[in-house]
Number of protein chains: 2
Amino acid sequence: MKFDQHIIDKYHLTPKELNLTMQSYVPLQLKSNDYFLQEGQICDRIGFVKKGMLRSFFYDEQGNDITTAFYPEGSLIIAFESFNNRLPAKESIKAIENIELMIIRYERQKELYQLIPAWNHICKDLADVMSREMIERAKSFQVLSAAERYKKFCKDHPDLLQRVNLGYIASYIGVDIATLSRIRAKR
Amino acid sequence: MKFDQHIIDKYHLTPKELNLTMQSYVPLQLKSNDYFLQEGQICDRIGFVKKGMLRSFFYDEQGNDITTAFYPEGSLIIAFESFNNRLPAKESIKAIENIELMIIRYERQKELYQLIPAWNHICKDLADVMSREMIERAKSFQVLSAAERYKKFCKDHPDLLQRVNLGYIASYIGVDIATLSRIRAKR
DNA sequence: AGGCGATTTTGACTTTTGTCAAAATTCGAT
DNA sequence: ATCGAATTTTGACAAAAGTCAAAATCGCCT
């Protein structure tokens, strides 16, 4: 999906507003394994994924690499808490393929809030969606078995299934990789 | 904690604004086991818990009663998605003790948004806090064992520990009640 | 105080999931 | 095409968590 389409469809920006928005976003390319954001940094930009995929992750107590989200084409990338409150990010965001992004800096985004009222809605909606997803996610850990979580993952992200390696999926659904392999083995 | 204190401390309402707010909230009492909100209803009020405790829950596929949150004194109760978007609630909220609440209706709350700018902040902050908590919660399911989740629960909610029955805690941390009992048994 | 229902614990057992290591396979770079 | 590294699968076993049922305990009500 194209960025302008994404926004225009839902928020009916005027041509002028759309123009202003598009001028504010600049392209950025990342190679696979480059960081968009490192844990501890303050997130000072928002990215829209045009091409490729990223993931966010952190290291748990035992030093395991734990994936918390995937950002395929069409995703908006932002470490909300860090961005909004200027706090160090708790997770890193890293390209897992070569990436084409459109990005906007914190300062410029703040200006857009002033210039284009719809941007407040866009961000509010984004926060709502992420919040809903997190509630959903917590619930699925709460009541589903490992096999059921994998099944749900397949349903919710059929596209990711062939693109990201199993280790990332395993940690994302909170299952050991060997266990996940066995879950897949039986049908 | 008193309601006015709660709000005044953080948002510095003017005496006038505080007054307006306090006038908008009316007391409500519930008995243990009464519903504040039933799954499927549209949440059309916000409650502030002055006394007692409530919990939210839903029934999973197998019909098990799954607790998703506790609301002790000082909590604001609101089914966000339902309240904001006028959608049927996905969970019920029920008193587990006799309750004293202060409540405000949807319409009146909308008016407060207009009359008192700080109320936008209050609700935004509340949404942020809940969002952060959910992220935290998902993470703890993702990387912690049942015993570790129980330990964390004890740390995070020492007050609830003696007040709510084990079954609620068990489902809240996603553990079978017999297993939880055994976890507690060893130290 | 006694009794009853609800809650919690315990026992015996099963199933699920994790661990560690090795084998198989896939994939990219040359 | 081939080598080597990374990924995935598999095996053998251990630990964690669930199930079902019974026993013990707790709390209230009269």
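Naming: A, B, ... by sequence-line order, numbering from 1 per chain. Keep in mind that this is a model prediction, so the values were computed, not measured.
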Peer 1: Look at B:Thr179 and D:dA17 and indicate whether a side-chain polar atom (N or O) is within less than 4.0 Å of OP1 or OP2.
Peer 2: no
Peer 1: Examine the side chains of B:Ser140 and B:Arg149 and answer whether a donor and an acceptor come within less than 3.5 Å of each other.
Peer 2: no
Peer 1: Can you tell me how far C1' of C:dT17 sits from CD of A:Glu148, to the nearest Å?
Peer 2: 14 Å
Peer 1: B:Leu180 CG to D:dA16 P: how many Å, rounded?
Peer 2: 16 Å
Peer 1: Figure out the CG/P separation between A:Asn165 and C:dT25, and round it to whole Å.
Peer 2: 19 Å
Peer 1: Quick check on C:dT8: is either OP1 or OP2 less than 4.0 Å from any side-chain nitrogen or oxygen of B:Arg184?
Peer 2: no
Peer 1: Can you tell which of D:dG11, C:dT9, D:dT7 lies closest to the side chain of A:Arg182?
Peer 2: D:dG11
Peer 1: Heavy atoms from C-beta onward define the side chain here; which of D:dG18, C:dT17, D:dT9 lies closest to that of B:Asp176?
Peer 2: D:dG18
Peer 1: Output the rounded distance in Å from CD1 (A:Ile169) to C1' (D:dT7).
Peer 2: 12 Å
Peer 1: What's the CD-P distance between B:Gln62 and D:dC20, to the nearest Å?
Peer 2: 11 Å
Peer 1: Is a side-chain donor-acceptor pair under 3.5 Å present for B:Tyr11 with B:Asp125?
Peer 2: yes
Peer 1: Would you kindly give the CG-to-P distance between B:Leu166 and D:dT25, to the nearest whole Å?
Peer 2: 16 Å
Peer 1: CD1 of A:Ile177 versus P of C:dA21: gap in Å, rounded?
Peer 2: 16 Å
Peer 1: Whether A:Arg45 engages the ring of A:Tyr25 as a cation-pi pair (distance to the six-membered ring centre under 6.0 angstrom, angle to the ring normal within 45°) should be assessed.
Peer 2: no
Peer 1: Just say parallel, tilted or perpendicular for the rings of A:Tyr106 and A:Phe83, cut-offs at 30° and 60°.
Peer 2: perpendicular
Peer 1: Tell me: OH of B:Tyr168 to C1' of C:dT8, nearest whole Å?
Peer 2: 14 Å
